[in-house]
There are 2 protein chains.
Amino acid sequence: MARSKSAYEIDDIDRKILRLLREDAHLTTQEIADKVGLSQTPCWSRIKRLEDQGVIAGYVALLNPERIGKPMSVIIEINLDMHDDEKIENFSRHLAQLPEVTDAYLTTGEYDYVIMAAVEDTEDYEQFLRKRLLKFPGIRHAKSTFCLRRLKRDPSPSV
Amino acid sequence: MARSKSAYEIDDIDRKILRLLREDAHLTTQEIADKVGLSQTPCWSRIKRLEDQGVIAGYVALLNPERIGKPMSVIIEINLDMHDDEKIENFSRHLAQLPEVTDAYLTTGEYDYVIMAAVEDTEDYEQFLRKRLLKFPGIRHAKSTFCLRRLKRDPSPSV
DNA sequence: GATGAAAACTTTATAAG
DNA sequence: CTTATAAAGTTTTCATC
């Protein structure tokens, strides 16, 4: 039996569309259609389908960290004392809810968590670390690494 | 002398607007106006100003990493052999240009660089590491940390 | 800042080839 | 898939308070 195109398959034209929208969501469907070699109608249907299927999760404005008073990025590697499920889930929820935290991952290897925080300056960072992050019970160790320069930050992986 | 409002100052209403657009760029100016307590015209002027001043750097679609075949995230901490300016600049450019690399930072502390890569699977990661990242001359050490779960990833810091 | 209005443009939907 | 068309919605601009 020949394999028919599944509803969830992404073809080369879809990928081209995603590549464009990943960089600039303000392109019109007509502009995208021109760039990918389609007419407006099927191009619009494809974008709609990619949204409905959750391939496109949403659209956001990108803010300039310097201009909104959060020029400093810090990477924090964290170890917990205990590793029972409840502890992990609680701390994970705690992290996700802190506004300074922009990224948080549960990881393999030397540390349990790797997170990133955006703050105003070193003083702001100290406050965050002592009064908000380390207030959570059961943190064995936290290692901070300061970012000197951001070379790249893509909101989505390349397609 | 009383400090007048600078062209580059952001007030509370601006911040409210940014908070909304940071999460959903498909809100209409009318919806934003309603939520922040302005009418459409001044709300539109503010958004335009924030764009012109570079506070809003752009608008992008967020893609679901799982759905575009890049479900795996790896954090890589890197040390170079030498640390002369040219080496740093060259390697920085190299990193920024690799499509697998979503994030790259020059850092203080134990490592020179901390980067993040999005890949399909372990095999894809091995190819990236050996054939693309470590092909660059002068890498002393690279430590990979695999992400088990993504708890949070905000494209922009909180306002 | 608010309101109202108008023009230009975009999205969304439909029909026919 | 294409072209063509059209209604609805949105952005952008402008005049007036």
Side-chain angles (χ1 to χ4, degrees), chain A residues 1-64 67-69 155-156 159, chain B residues 1-64 67-69 155-156 159:
Chain A
M1 181 177 133
R3 192 146 114 66
S4 71
K5 186 180 166 185
S6 134
Y8 291 91
E9 228 174 290
I10 289 170
D11 68 13
D12 283 353
I13 296 178
D14 289 335
R15 257 184 292 274
K16 275 191 180 179
I17 293 172
L18 293 172
R19 245 168 246 142
L20 292 166
L21 286 175
R22 189 184 88 106
E23 304 220 315
D24 183 4
H26 267 194
L27 292 167
T28 64
T29 49
Q30 186 60 69
E31 286 169 322
I32 297 167
D34 292 346
K35 283 174 200 280
V36 304
L38 280 182
S39 62
Q40 205 239 33
T41 310
C43 183
W44 178 80
S45 313
R46 278 168 182 269
I47 295 169
K48 193 89 179 60
R49 177 171 51 75
L50 292 166
E51 289 169 358
D52 292 344
Q53 290 176 356
V55 179
I56 296 173
Y59 299 90
V60 298
L62 293 184
L63 311 185
N64 188 327
R67 294 297 186 80
I68 57 172
S156 308
V159 195
Chain B
M1 179 181 134
R3 193 146 113 67
S4 68
K5 186 181 163 182
S6 134
Y8 290 92
E9 228 174 289
I10 289 171
D11 68 13
D12 283 352
I13 297 179
D14 289 336
R15 256 184 292 274
K16 275 192 180 181
I17 292 172
L18 293 172
R19 245 169 247 142
L20 292 167
L21 286 175
R22 189 185 89 106
E23 304 221 313
D24 183 5
H26 267 193
L27 291 167
T28 65
T29 47
Q30 185 58 69
E31 286 169 321
I32 296 167
D34 292 344
K35 283 174 201 280
V36 304
L38 282 180
S39 60
Q40 205 240 34
T41 311
C43 183
W44 179 81
S45 313
R46 279 168 182 268
I47 295 170
K48 194 88 180 64
R49 177 173 51 75
L50 291 166
E51 288 169 359
D52 292 344
Q53 289 177 356
V55 179
I56 296 174
Y59 298 90
V60 298
L62 293 184
L63 311 185
N64 187 327
R67 293 298 186 79
I68 57 172
S156 307
V159 197

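Worth saying up front: this structure is predicted, and the values here are computed from it rather than measured. Per chain, numbering begins at 1; letters A, B, ... match sequence-line order. The figures here come from the full heavy-atom set of this structure, side chains too, leaving out hydrogens, waters and symmetry mates.
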When the distance from CG of A:L21 to C1' of C:dT10 is rounded to whole Å, what number comes out? 14 Å

Using a heavy-atom cut-off of under 4.0 Å over every strand shown, decide if A:T28 touches base, sugar-phosphate, or nothing. sugar-phosphate

note: B:D24, atom CG; D:dT10, atom C1'; distance rounded to Å ~ 15 Å

Comparing nearest nucleotides in DNA chain C, the 5'-proximal residue of the pair A:T41, A:E31 is A:E31

Just N and O in the side chain of B:W44: are any of them under 4.0 Å from OP1 or OP2 of D:dT12? yes

Nearest non-hydrogen partners of A:P155 and B:V60, listed with the distance: CG-CG2, 4.2 Å

Closest heavy-atom pair, B:A33 versus B:C43, reported as atoms and distance to 0.1 Å, is N-SG, 3.6 Å

Checking A:V36, A:I17, A:I10 against A:R46 for side-chain contact (heavy atoms from CB on, under 4.5 Å), the one that qualifies is A:I17

For A:H26 and D:dT11, what is the distance between atoms NE2 and P respectively, to the nearest whole Å? 8 Å

Atom CG of A:L27 to atom P of C:dC9: distance rounded to whole Å? 17 Å

Without decimals, in angstroms, what is the distance between A:R46 CZ and C:dT12 C1'? 18 Å

Are any of A:T29's side-chain N or O atoms less than 4.0 Å away from OP1 or OP2 of C:dT11? yes

Between P of D:dT12 and CD of B:E51, the distance in whole Å: 7 Å

Test: A:D52 and A:R49 ion pair at under 4.0 Å: no

Specify the separation, in whole Å, of atom CD of A:Q40 and atom C1' of D:dA7. 14 Å

Roughly how many Å is it from CD1 in A:I13 to C1' in D:dT2, rounded to a whole number? 13 Å

